[in-house]
Amino acid sequence: MGGGDVVGDDLLGSLSADERRDLQERARRRRFRRGATLFSEGDSSDRLAVIEEGRVKISYFTDDGREVVLAVRGPGSLLGELSALDGEPRSANATALESVEVLSLAADDFLAFLERHPSVSIRLLKTLTRKLRQADRRRVEFSEHDSVGRVAKRLVDLVEEFGVPQDEGTLIDVSLTQEELAGWTGSSREAVSRALQAFRKRGWIETKRRAITVYDVDALRRRAT
């Protein structure tokens, strides 16, 4: 989902045809429009979801109202699995970045699914471990890199996970505002704007409304290290 907080956790894509059919039979499909809230921080819930289509932003708000973006999840990703399994309140918000379709199922049904398909439990454990490692890496990023380096790192992550090759460059197929990118990098909107402007001047990227095309991902990768 890359080495940052875009996690390659396509659980759905890793399932066999039989496993996927079993999961779908236990779930119900739900659609959310762009900007809709799938769940909110502090909610109690015994349900989780698997994204079939679209991307979802995971975030929380600080006491002063500033949004901190934790991750972007795409097709195949699990949402809300920790709260559904341990019974604790939701620790973050999940917001649709575009039209989203999910498979929603009760925690008990998901546990029954795992009991029937124990190999999926191993894949799930690996996914959760990867998320923990990436959270650790993010803390290191904040201590070692300036805001420009963190913006470069997020762009590299997005290219690796959601990049769509073009005739020239790679389109990042995720609609993020500068405010969201700021919340994801622990920077101000002004700092993100300056970073993007610097990258444009160097010819590394091109920006349009809610769209970024990367022309030199290697240059961004060097700036991020």
Side-chain angles (χ1 to χ4, degrees), residues 1-10 34-35 51 53-60 66-77 79 92-100 127 130-225:
M1 231 259 324
D5 299 291
V6 185
V7 179
D9 58 350
D10 185 2
R34 180 179 172 275
I51 303 174
E53 297 178 9
R55 278 96 179 182
V56 173
K57 172 182 65 176
I58 308 299
S59 66
Y60 71 90
R66 182 173 60 88
E67 184 179 32
V68 176
V69 178
L70 300 174
V72 172
R73 304 285 187 235
S77 296
L79 299 175
N93 309 291
T95 308
L97 289 172
E98 56 201 42
S99 179
V100 170
T127 295
R130 188 182 303 117
K131 289 180 180 180
L132 290 173
R133 289 185 183 277
Q134 290 177 343
D136 289 340
R137 281 198 290 270
R138 187 182 185 194
R139 285 190 286 271
V140 172
E141 285 178 21
F142 275 76
S143 64
E144 292 187 349
H145 302 301
D146 60 9
S147 59
V148 176
R150 294 197 297 272
V151 173
K153 183 66 169 63
R154 290 287 83 78
L155 294 180
V156 170
D157 291 340
L158 288 166
V159 165
E160 291 177 347
E161 184 64 20
F162 300 122
V164 178
Q166 307 291 296
D167 290 338
E168 294 184 11
T170 302
L171 174 67
I172 294 175
D173 189 24
V174 178
S175 180
L176 288 171
T177 65
Q178 289 191 7
E179 287 85 354
E180 288 167 333
L181 196 53
W184 203 2
T185 57
S187 309
S188 67
R189 183 184 181 282
E190 292 73 20
V192 169
S193 180
R194 289 193 296 269
L196 295 177
Q197 183 179 33
F199 300 156
R200 284 196 302 267
K201 286 183 177 179
R202 290 173 171 82
W204 298 352
I205 68 170
E206 178 183 24
T207 59
K208 295 180 180 178
R209 180 175 175 80
R210 289 182 174 270
I212 299 175
T213 300
V214 174
Y215 296 114
D216 195 339
V217 68
D218 289 333
L220 289 173
R221 191 176 284 112
R222 289 192 296 271
R223 183 60 181 85
T225 58

Do [X] and [Y] touch side chain to side chain, with heavy atoms closer than 4.5 Å?
X: R223; Y: D146; result: yes
X: T185; Y: V192; result: yes
X: V148; Y: F199; result: yes
X: I51; Y: S77; result: yes
X: E67; Y: K57; result: yes
X: I58; Y: L79; result: yes

So which of L176, V159, I172, L181 actually passes side-chain contact (heavy atoms from CB on, under 4.5 Å) with R154? L181

Please say which of E161, E98, E180 ends up in a salt bridge (charged side-chain N to carboxylate O under 4.0 Å, His left out) with R55. E98

When you check the gap from the basic side-chain N to the acidic O, do K153 and D157 get nearer than 4.0 Å? yes

T127 OG1 to R130 CZ distance, which is reported to the nearest 0.5 Å: 5.0 Å

Looking only at heavy atoms, which two atoms of V56 and A94 are closest? And how far apart? CG1-CB, 3.8 Å

For Y60, is the OH atom crowded, meaning more than 12 foreign heavy atoms sit under 6.0 Å from it? no

